[in-house]
Amino acid sequence: MTRTARIEFPGHALKANGKGDQMLVYGDSKRSECADALCEAIAERLAKVEHQPPGIARHTGLVGVLLNAGELAQGLSDLEFKSIGADEVSPVRKAAGGLLIQIADLVVQSWLHDFAWDPADPVRMSALLRELRKPEALSIREGEGFAFYGLYPESYIEAAIRSKLSSNNVVIGIRSIGTTLSAVVSAAIGAAPPETVRPVGPPYRKRTVIAPKLSRHLLRDPDAEFAIVDEGPGLSGSSFGSVADWLEEHAGRDRRLHFFPGHKGRLGPEASRRHRVRWKASPRHVVDMDELLLGGAPPTHRLASWVSDLVGPLERPLEDISCGTWRRATAGDRQAWPPADRRFERRKFLAHTANGLWLVKFAGLGNIGERKFAKARLLAAAGFTPPVAGLCHGFLVQKWVPADFPARDLHRADFIGHLGEYLAFRARRLPAPKTGGASLSKLCEMTVLNTEEALGAAAGRAARERIDDALRYADLPMPIDTDNRLHAWEWLSAGERGFLKTDALDHSEGHDLVGAQDVAWDIAGAAIEFDLSPEETAKLRAAVSDGCLRAVNAELQAVFEICYLAFQVGLWTTARKFAPADEASRLEAAVSRYVNCLRLRTLEVAD
């Protein structure tokens with residue numbers, strides 16, 4: 001597992017200069033998978049969906065197979081790239097691309113023909129899988145768009161069809177997620193299997209390195225146009241730009257370039273002038289999620305139809321409550337609204353039915369959504385979260401429970417007991433995801449840097465004194481699927497147990513720095529968020545220790561409290577740069593609270 005401190009944020013985010021620019025908030029999660037295990041999973045999933053009747057459930061399963069095949073192709077290509085330092089033609093890449101394009105063809109058929117498709121060629125499919133069954137461990141990156149941002153391969157199918165590109169065009173995907181997306185673009189226009197590249201270098205100044213054989217292959221047709229496929233662009237668009245730079249330098253400036261991005265926006269503020277000019281002048285082909293699933297699509301392709309199949313007829317169109325607008329659906333006073341960080345919010349809607357309201361929230365495609373659905377059912381069955389109706393092609397449907405903000409009675413002693421049961425349940429039943437989490441060393445690095453950025457050099461030195469000593473606990477953490485989001489506004493006074501936790505499914509799998517941690521991290525978060533006294537914190541720690549049958553180390557938890565505060569300072573400080581004006585006061589209040597708490601902790605250390 002690897003998590004790095006900085007990533008390019010997706011295209012809807014803009015960087016702003018000012019205090020906090022250097023704070024560590026983001027992470028880049030990877031997992032390790034054996035190639036032969038991935039091949040086995042692809043074969044099993046494909047056999048399963050082929051025996052299902054046509055419909056959205058079978059299509060959903062097929063898209064999951066596509067994502068698995070894309071991960072396999074990405075991992076194998078990156079492994080070869082690492083060995084030679086460039087992208088090059090190889091038998092393995094050809095086999096992986098052949099497998100992926102076959103599955104992409106099925107997805108295109110399914111989407112365009114009301115989820116009906118002809119079975120894959122079993123002989124060809126088996127031969128390709130046998131060729132790719134290798135014992136090598138692959139480094140896999142789950143596509144952020146598939147996990148967080150409602151980016152659908154079907155959007156690229158529609159964009160490709162509308163582009164009117166011909167089959168002789170050359171399609172190039174940008175790894176990681178562009179591996180899968182470029183395959184569906186190629187399949188939709190009937191082009192040859194795409195080639196993929198991995199731009200390298202500094203985040204805002206990437207470059208593309210292509211070896212001779214692949215170069216000749218890409219430039220084989222002097223009349224072909226080029227389609228470059230990826231999600232984003234982000235703050236700089238340098239991944240798109242570096243591929244276009246290479247093509248202009250090697251194919252000539254008169255060859256037309258087409259971009260298939262994930263959004264209709266411009267390049268971010270870190271983009272070079274050359275890239276901006278080209279981006280503005282080049283054709284871009286985009287169909288966003290709203291147009292794909294909410295607009296003029298056939299009824300069988302609409303999110304509302306899938307939701308109504310789960311919860312009954314909808315009384316009105318789905319109500320979009322993304323980007324903090326969910327707070328309008330509560331009964332609370334606007335002045336008491338909690339802050340909203342739209343960078344990390346998933347797309348969400350309210351479904352109005354005769355049986356009440358349902359929350360329809362993007363959970364992720366393929367394995368990602370299935371994991372969260374299983375987790376949601378487990379937590380709901382135990383009475384910790386709202387009831388679950390089902391999962392429909394990436395969207396989880398849960399009962400909407402109205403609440404006031406702030407929720408009532410959260411400081412009662414029985415809430416601490418309930419919180420202890422909840423955290424102990426997670427520790428027992430929810431193992432850490434394969435992407436893991438930041439090491440204690442990385443958390444300490446973040447703490448020192450964020451503290452210094454927020455409070456100055458003296459506070460940074462004081463934090464370092466505490467952190468240097470903390471590293472002796474490096475072997476203590478036992479990571480689980482931590483909640484990582486225990487803020488007071490995440491709790492409802494409802495349910496048979498008296499309290500319900502919202503938004504409990506995926507913060508340990510997000511693209512922030514923290515990831516999965518020891519349960520002590522959640523105890524530390526609860527102590528901060530609810531201003532627990534030392535005695536209350538000790539009771540909570542004892543309840544969790546009893547419930548998960550292992551003692552939670554008090555010293556580690558104390559270290560985590562400082563780390564937690566430093567992370568929250570960084571999180572909400574950077575959130576201010578991407579927020580609308582009417583959110584400023586709430587975000588400022590959140591930052592001030594965490595900064596003041598961090599100041600007290602660092603002064604205690606300094607004293």
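These figures come from a predicted structure and were not determined experimentally.
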Which heavy atom of [X] sits nearest to which heavy atom of [Y], and what is that distance?
X	Y	answer
E345	S322	OE1-C, 3.9 Å
A463	T602	CB-CG2, 4.2 Å
S242	R207	CB-CA, 3.7 Å
R334	D582	NH2-OD2, 4.3 Å
R586	W337	CD-O, 3.2 Å
N450	G570	ND2-CA, 3.8 Å

pair [X]-[Y]: side-chain heavy atoms closer than 4.5 Å:
X	Y	value
T196	Q74	no
L151	L181	yes
E529	R593	yes
L571	D512	no
R426	L379	yes
Q517	Y564	no
N553	D518	no
T537	Q557	yes

[X] bridged to [Y] by N-O distance under 4.0 Å:
X	Y	result
R175	D87	yes
E445	K442	yes
D469	R472	yes
K82	E136	no
D503	R346	no
R342	E583	no

Between R343 and T574, is a side-chain hydrogen bond (donor to acceptor under 3.5 Å, both in side chains) present by the stated rule, with each step listed? CA-CA 10 Å; R343 297 171 302 168; T574 55; 2.8 Å; yes
All ring pair (Phe, Tyr, Trp, His ring centres under 6.0 Å) counterparts of F425, not counting sequence neighbours: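 Counting only residues at least two positions away or on another chain, F425 forms a ring pair (Phe, Tyr, Trp, His ring centres under 6.0 Å) with F384.
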Checking side-chain hydrogen bond (donor to acceptor under 3.5 Å, both in side chains) for the pair E490/H507: CA distance, chi angles, key distance, verdict? CA-CA 12 Å; E490 300 282 347; H507 289 104; 5.6 Å; no
side-chain contact (heavy atoms from CB on, under 4.5 Å) with R464: which residues, sequence neighbours excluded? V448, D468
Rounded distance (nearest 0.5 Å) linking atom CD1 of I177 with atom CD of E231: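 Nearest 0.5 Å value for the CD1-CD distance: 4.0 Å.
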I need the E555 CD to L476 CG distance, nearest 0.5 Å.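 Going from CD on E555 over to CG on L476, the span is 9.0 Å.
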What is the ring orientation for F395 with F362, classed by angle as parallel under 30°, tilted 30 to 60°, or perpendicular over 60°? perpendicular
Aromatic rings W491 and Y422: how do their planes relate, parallel, tilted or perpendicular, breaks at 30° and 60°? perpendicular
More than 12 non-hydrogen atoms from neighbouring residues, nucleotides or ligands closer than 6.0 Å to CZ on R550, yes or no? yes
Examine distances only and state if a side-chain atom of R377 and a backbone atom of V388 form a donor-acceptor pair shorter than 3.5 Å.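 Between the backbone of V388 and the side chain of R377 there is no qualifying donor-acceptor contact (under 3.5 Å).
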Reference residue E509; test salt bridge (charged side-chain N to carboxylate O under 4.0 Å, His left out); the match among R485, K375, K372: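 So the option named by the test is K375.
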I need the single residue from V25, L24, V514 that forms a side chain to side chain contact (heavy atoms under 4.5 Å, CB included) with M446. Which is it?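 When side chain to side chain contact (heavy atoms under 4.5 Å, CB included) is applied between M446 and each of V25, L24, V514, only L24 qualifies.
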Kindly indicate, with the supporting measurements, whether the criterion side-chain hydrogen bond (donor to acceptor under 3.5 Å, both in side chains) is fulfilled by D481 and S508. CA-CA 6 Å; D481 182 355; S508 71; 2.5 Å; yes
Sort out for me which residue in W521, F567, Y473 forms a ring-ring contact (aromatic ring centres under 6.0 Å, His included) with F560.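 So, applying the ring-ring contact (aromatic ring centres under 6.0 Å, His included) to F560 and each of W521, F567, Y473, only W521 qualifies.
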